[in-house]
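These notes concern the structure reproduced below.
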Protein chains: 2
Amino acid sequence: MSDLVTRLRRHNWRITPQRRVIAETLEGSHVHFTADEILERACERMPELSRATVYNTLNEMVALGEVLELAFDGRSKRYDPNADHAHHHLICEGCGLMKDVHAVGDPIEWLPGDERHGFAVTRAAITYRGRCPDCQDAA
Amino acid sequence: MSDLVTRLRRHNWRITPQRRVIAETLEGSHVHFTADEILERACERMPELSRATVYNTLNEMVALGEVLELAFDGRSKRYDPNADHAHHHLICEGCGLMKDVHAVGDPIEWLPGDERHGFAVTRAAITYRGRCPDCQDAA
DNA sequence: TCTTTGTTTAGACATAGTCTAAGCTAGGAT
DNA sequence: ATCCTAGCTTAGACTATGTCTAAACAAAGA
Ligand SMILES: [Mn+2]
Ligand SMILES: [Mn+2]
Ligand SMILES: [Zn+2]
Ligand SMILES: [Zn+2]
């Protein structure tokens with residue numbers, strides 16, 4: 001797994017101290033933080049970091065294609081550093097736990113031509129929902 | 001006459017004038033309005049209708065399982081009366097046009113057991129993205 | 001050094017949605 | 001019919017999330 005800072009550097013994008021802290025906060029597997037969670041964690045290392053810079057930086061990383069912006073619940077967006085590794089998501093309806101998952105095959109192939117309404121279809125994302133092991137026990 | 005109103009009545013749910021206007025505003029295929037769009041359209045027939053009632057009513061219809069709440073873009077939620085016909089969505093990245101689509105097979109079957117992280121997986125929704133005929137021409 | 005360009009910041013602003021408290025309405029009991 | 005009660009509707013306050021602005025700041029290049 002190539003780290004996010006390394007991938008960002010390839011875009012001639014200035015890695016300022018603020019941007020580095022934000023990018024490093026986003027490292028890892030199954031990481032899907034909200035902007036506020038990122039701000040809170042990044043502020044542990046750089047307390048003067050501003051909310052505007054977190055939003056600016058996240059939006060730029062999304063525009064560069066190195067971070068995915070996820071909007072599943074209509075509350076706050078979540079940011080996923082795993083943009084170089086196509087995957088889908090599995091979400092617990094009890095506690096919100098979110099996991100990266102990989103389905104077999106390409107969902108675009110499961111959409112027949114007569115269901116495409118003339119669109120040029122380029123991407124497909126699957127959202128799986130269910131209950132995680134902890135929430136099954138609690139049920 | 002009104003399919004959604006008929007379905008709602010089965011839940012012993014009082015169909016007030018306000019609720020009827022909101023439900024009838026939601027009738028149709030490929031209907032995915034925001035709460036504000038529903039308020040605006042419903043107010044054409046009942047000008048004194050309040051924003052709070054629109055939100056209350058939509059949330060109750062979602063809780064009854066007769067309307068789907070969609071959150072694709074992190075902006076406003078959209079409401080889909082087509083809850084009795086399982087389907088997925090195809091969204092134009094140019095103009096936001098959204099169509100109901102039907103894929104072949106069940107996406108849950110395409111998620112291997114070793115990708116389920118111990119979850120009991122109950123639902124799967126596919127979001128297809130591309131460009132609609134108009135936006136392909138405009139490109 | 002000076003200049004230019006891009007970055008960061010606080011706070012104002014915008015939007016979407018929820019909550020509260022009061023008034024209203026419908027239906028059941030008397 | 002009148003009263004009572006539970007539920008419904010309403011305006012507006014409030015919260016949460018995110019964007020915008022203008023000024024200060026920082027870095028690279030001449
Ligand atoms: Mn992910
Ligand atoms: Mn739909
Ligand atoms: Zn859970
Ligand atoms: Zn389009």
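Since this is a predicted model, take the numbers as computed values, not measurements. All chains are named by letter (A, B, ...) in the order of the sequence lines, taking the proteins before the strands, and each is independently numbered beginning at 1.
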5' priority, DNA chain D, between B:Ser50 and B:Gly74 [closest heavy atom]:
B:Ser50

Which whole-number value in Å describes the distance from B:Ile15 CD1 to C:dA26 C1'?
15 Å

Please give, in whole Å, the distance from D:dT9 C1' to B:Leu39 CG?
13 Å

Under 4.0 Å between a side-chain N or O of B:Arg14 and OP1 or OP2 of C:dA26?
no

Candidates A:Asp36, A:Thr25, A:Leu49, A:Asn59 - the one meeting side-chain contact (heavy atoms from CB on, under 4.5 Å) with A:Val54:
A:Leu49

Give a yes-or-no answer on whether the side chains of A:Asn82 and A:His30 include a donor-acceptor pair shorter than 3.5 Å.
no

Gap between atoms CG and P, on B:Asn56 and D:dG12 respectively (whole Å):
17 Å

For B:Arg51 and B:Glu48, take the nucleotide of DNA chain D holding the closest heavy atom to each; which residue's nucleotide lies nearer the 5' end?
B:Glu48

In whole angstrom, what separates A:Arg20's CZ from C:dT7's P?
15 Å

Calculate, to the nearest 0.5 Å, the distance between atoms NE2 and CZ belonging to A:His89 and A:Arg78 respectively.
11.0 Å

Rounded to whole angstrom units, what separation is found between the CZ atom of B:Phe33 and the C1' atom of C:dA16?
18 Å

Counting only side-chain nitrogens and oxygens, does A:Gln18 get under 4.0 Å of the OP1 or OP2 atom of D:dA26?
no

Can you check the B:Lys77 NZ to D:dT17 P distance for me, whole Å?
12 Å

Side-chain N,O (B:Arg75) to OP1/OP2 (C:dA16) below 4.0 Å:
no

Just to confirm, is there a sub-4.0 Å distance from OP1 or OP2 of C:dT9 to any side-chain nitrogen or oxygen of A:Thr53?
yes

What is the distance, to the nearest angstrom, from the CG atom on A:Leu49 to the P atom on D:dC25?
17 Å

Does the plane of the ring in A:His85 sit parallel, tilted or perpendicular to the ring in A:His87? Use 30° and 60° as the thresholds.
tilted

Would you say D:dT19 has OP1 or OP2 under 4.0 Å from some side-chain N or O of A:Tyr55?
no

Would one find a side-chain N or O of A:Thr16 under 4.0 angstrom from OP1 or OP2 of C:dT8?
yes

Could you pull out the closest heavy-atom pair between A:Phe119 and B:Gly130, with the gap in Å?
CD2-C, 4.3 Å

Would you mind reading off the distance between A:Leu58 atom CG and C:dT7 atom P, rounded to a whole angstrom?
15 Å

The side chain of A:Arg19 is closest to which nucleotide in this list: C:dT8, D:dG12, C:dT18?
C:dT8

